[in-house]
Student: 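Structure in structure tokens, see below.
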Amino acid sequence: MTSRLLMPVRTVLTDRTRGAEAPAGEVPGSTRPTPILDREHPLVTALVARVLRESEARGAVTDRARLQVAHGILVTAVRPVYSVEDRRRVSRTLRLGRGSCSQRMAVLEAVARSLGVETRVRGLLVDGTFWYPRFPKLRAFVPEEVLLAWPEFRLDGVDGVDGVDGVGGNAGADGRAGAGESAWVPIAELFTGLGPAEHGGGFTNSGAETLFEAVARTAVDWDAPAACAGSAPCDLSAHLRTDLGRFSSRDELFDLHGQTLCRPARTLAEPVLGRWSAGAAA
């Protein structure tokens with residue numbers, strides 16, 4: 001049983017509830033800083049400088065490859081915890097040296113924008129039962145649904161054949177991009193050519209590995225594509241309750257739909273969950 005008492009009142013406005021006459025134009029991204037993605041802060045600029053240095057040392061010359069390098073740095077530099085403050089500034093996450101899956105994705109977005117790569121997010125309402133393996137004794141306190149800001153990056157089509165890991169091929173969120181074109185690439189497709197069978201199995205949302213780490217190891221998908229439809233480990237579509245659509249920034253998403261927990265619940269939970277390492281016994 002999941003809890004709805006801890007959640008804000010949320011009015012879900014999706015493409016279906018907006019009405020059939022709503023415009024279907026592509027949602028643009030941006031490279032601009034936002035209150036969350038404060039990419040001009042000295043801590044963020046220092047991280048970007050480190051990414052550029054390590055990318056040069058590794059021969060990572062494309063935007064995709066540099067983002068792979070940045071992801072690897074963040075895996076080791078920012079400890080995974082269960083923080084519930086989704087609107088935390090990126091600079092604050094870096095200063096603390098710890099962050100939730102969502103907060104670390106925000107850091108990667110800030111790095112991307114600093115590199116001139118446009119980003120946007122897809123708003124996903126994920127069933128709270130998806131987090132049961134992490135909190136087996138606290139299921140009554142797990143929110144009924146969790147709001148996830150799933151980043152997408154605007155990358156040149158040629159980046160799909162020139163990653164730092166040497167693996168090519170990619171389908172953007174809105175279709176494949178040919179040479180010289182660009183496409184929106186979800187964070188789960190930054191690391192191309194991954195399959196659960198060859199990389200230690202699919203993501204189970206248990207143990208020390210979070211979604212942020214998993215995207216570099218195995219395929220993760222919320223849409224059940226043909227490649228992992230049905231019961232394959234990479235298919236997480238059964239956990240997706242509502243697709244809220246795409247937003248130019250995570251700030252816009254949270255402005256419209258709030259955060260997973262209401263403010264009183266966040267105030268009570270953050271001092272504990274914000275220091276609780278992913279994978280620690282619940």
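Atom set for the values below is all heavy atoms of this structure, side chains included, hydrogens, waters and symmetry mates excluded. From a predicted model like this one, the values you see are computed outputs, not experimental measurements.
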Student: Rounded to the nearest 0.5 Å, how far apart are NE2 of His257 and CG of Leu147?
Tutor: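 Going from the NE2 atom of His257 to the CG atom of Leu147 covers 7.5 Å.
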Student: Please check: side-chain N/O of Arg266 versus main-chain N/O of Leu261, any donor-acceptor pairing under 3.5 Å?
Tutor: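 It does hold such a pair.
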Student: Backbone N or O of Ile36 within a donor-acceptor pair of the Asp251 side chain at under 3.5 Å?
Tutor: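 Yes, the answer is positive, given that a donor and an acceptor are paired below the 3.5 Å cut-off.
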Student: Run the side chain to side chain contact (heavy atoms under 4.5 Å, CB included) test on Met105 and Arg250 for me, step by step, so that the C-alpha distance in whole Å, both residues' side-chain angles and the decisive distance to 0.1 Å come before the verdict.
Tutor: CA-CA 10 Å; Met105 288 181 185; Arg250 60 181 51 232; 3.9 Å; yes
Student: Would you say Leu96 ends up clustered with Leu43 if hydrophobic residues are merged whenever their side chains have heavy atoms under 4.5 Å apart, either directly or through other cluster members?
Tutor: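 Different clusters.
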Student: Does any N or O in the side chain of Arg120 come within less than 3.5 Å of the main-chain N or O of Ser30, such that one atom is a donor and the other an acceptor?
Tutor: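 Absent.
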Student: Please check this pair: side chain of Ser55 against backbone of Val51, looking for a donor-acceptor N/O pair closer than 3.5 Å.
Tutor: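 Checking the backbone N and O of Val51 against the side chain of Ser55, a donor-acceptor pair under 3.5 Å is found.
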Student: Hey, mind stepping through Val126 and Leu236 against side chain to side chain contact (heavy atoms under 4.5 Å, CB included) and telling me if it holds?
Tutor: CA-CA 9 Å; Val126 181; Leu236 301 181; over 6 Å; no
Student: Side chains of Leu124 and Asp243, heavy atoms from C-beta outward: is any pair under 4.5 Å?
Tutor: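 SC-SC contact between Leu124 and Asp243 confirmed.
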Student: For Thr62 and Asp156: C-alpha separation, side-chain torsions, deciding distance, then whether side chain to side chain contact (heavy atoms under 4.5 Å, CB included) applies.
Tutor: CA-CA 9 Å; Thr62 66; Asp156 290 339; over 6 Å; no
Student: Hey, what do you get for CZ (Phe254) to OG (Ser249), rounding to the nearest 0.5 Å?
Tutor: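 Going from the CZ atom of Phe254 to the OG atom of Ser249 covers 9.5 Å.
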Student: Give a yes or no on whether the backbone of Glu40 and the side-chain of Thr45 come within a donor-acceptor separation of less than 3.5 Å.
Tutor: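 Not a single qualifying donor-acceptor pair exists.
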Student: Test: salt bridge (Lys or Arg N to Asp or Glu O under 4.0 Å). Region: residues 205-216. Which pairs qualify, not counting sequence neighbours?
Tutor: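 Only Arg104-Glu213, Glu209-Arg217 qualify under salt bridge (Lys or Arg N to Asp or Glu O under 4.0 Å).
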Student: According to ring-ring contact (aromatic ring centres under 6.0 Å, His included), who are the partners of Phe130, at least two apart in sequence or on a separate chain?
Tutor: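 For Phe130 the ring-ring contact (aromatic ring centres under 6.0 Å, His included) partners, ignoring immediate neighbours, are Trp222, His239.
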Student: Salt bridge (Lys or Arg N to Asp or Glu O under 4.0 Å) with Glu270: which of Arg275, Arg98, Arg88?
Tutor: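 With Glu270 as partner, salt bridge (Lys or Arg N to Asp or Glu O under 4.0 Å) holds for just one option, Arg88.
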Student: Check whether any side-chain N or O of Arg39 sits under 3.5 Å from a backbone N or O of Arg32 as a donor-acceptor pair, and report yes or no.
Tutor: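 Absent.
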Student: Measuring from atom CD of Glu118 to atom OG of Ser248, what distance do you get when rounded to the nearest 0.5 angstrom?
Tutor: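 Output value for this atom pair is 9.5 Å.
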Student: Do the side chains of Gln68 and Arg58 get nearer than 4.5 Å, heavy atoms only?
Tutor: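 They are not in contact (no side-chain heavy atoms under 4.5 Å apart), so the answer is no.
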Student: For a quick test of reading the model, state the closest non-hydrogen atom pair linking Glu152 to Trp184 and the distance between them.
Tutor: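 Reported closest heavy-atom pair: O-CZ3, 3.6 Å.
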Student: Do any N or O atoms from the side chain of Gln259 and from the backbone of Asp86 form a donor-acceptor pair under 3.5 angstrom?
Tutor: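 Looks like yes, one N/O pair under 3.5 Å.
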Student: How long is the straight-line distance from CG of Leu211 back to OG of Ser100, given to the nearest 0.5 Å?
Tutor: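 One gets 11.0 Å once the value is rounded to the nearest 0.5 Å.
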Student: Determine, using the 4.5 Å side-chain heavy-atom cutoff (strictly less than), whether Leu240 and Val220 are members of one ILVMFWY cluster.
Tutor: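 Yes, Leu240 and Val220 fall within the same hydrophobic cluster.
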Student: Determine whether Arg92 and Gln103 satisfy the following criterion, side chain to side chain contact (heavy atoms under 4.5 Å, CB included), listing intermediate values before the conclusion.
Tutor: CA-CA 10 Å; Arg92 174 70 173 164; Gln103 290 164 351; over 6 Å; no
Student: How long is the gap from OG1 on Thr210 to OH on Tyr82, to the nearest 0.5 Å?
Tutor: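 One gets 9.0 Å once the value is rounded to the nearest 0.5 Å.
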Student: Which heavy atom of Ala106 sits nearest to which heavy atom of Leu37, and what is that distance?
Tutor: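 What the structure gives for the nearest pair is O-CD2, 3.3 Å.
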Student: Identify whether Leu52 and Val90 are in the same connected component of the hydrophobic contact network (ILVMFWY, side-chain heavy atoms under 4.5 Å).
Tutor: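 Yes: a chain of side-chain contacts under 4.5 Å links Leu52 to Val90.
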Student: Hey, could you give me the CG/CZ distance between Leu190 and Arg64, rounded to the nearest 0.5 Å?
Tutor: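 Nearest 0.5 Å value for the CG-CZ distance: 6.5 Å.
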Student: Same cluster or not: are Val272 and Val142 linked, directly or through other Ile, Leu, Val, Met, Phe, Trp or Tyr residues, by side-chain heavy atoms under 4.5 angstrom apart?
Tutor: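 Result: yes, single cluster for both.
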Student: Hey, can you pull the donor-acceptor pairs under 3.5 Å for the side chains in residues 69-81, sequence neighbours left out?
Tutor:
residue: His71; atom: NE2; partner: Phe212; partner atom: O; Å: 2.5
residue: Thr76; atom: OG1; partner: Ile73; partner atom: O; Å: 3.0
residue: Arg79; atom: NH1; partner: Ser277; partner atom: OG; Å: 2.4

Student: Using the rule that two of Ile, Leu, Val, Met, Phe, Trp, Tyr join whenever any of their side-chain heavy atoms come within less than 4.5 Å, decide whether Leu256 and Leu148 are in one cluster.
Tutor: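 Same cluster.
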Student: Between Arg113 and Thr34, do the side chains contain a donor N or O and an acceptor N or O under 3.5 Å apart?
Tutor: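 The criterion, which ignores hydrogens and geometry beyond distance, is not satisfied for Arg113 and Thr34.
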Student: Please check this pair: side chain of Asp38 against backbone of Ser91, looking for a donor-acceptor N/O pair closer than 3.5 Å.
Tutor: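 Such a contact is found between Asp38 side chain and Ser91 backbone.
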Student: Val121 and side chain to side chain contact (heavy atoms under 4.5 Å, CB included): which single residue from Glu252, Glu109, Arg246 fits?
Tutor: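 Among the candidates, only Glu109 passes.
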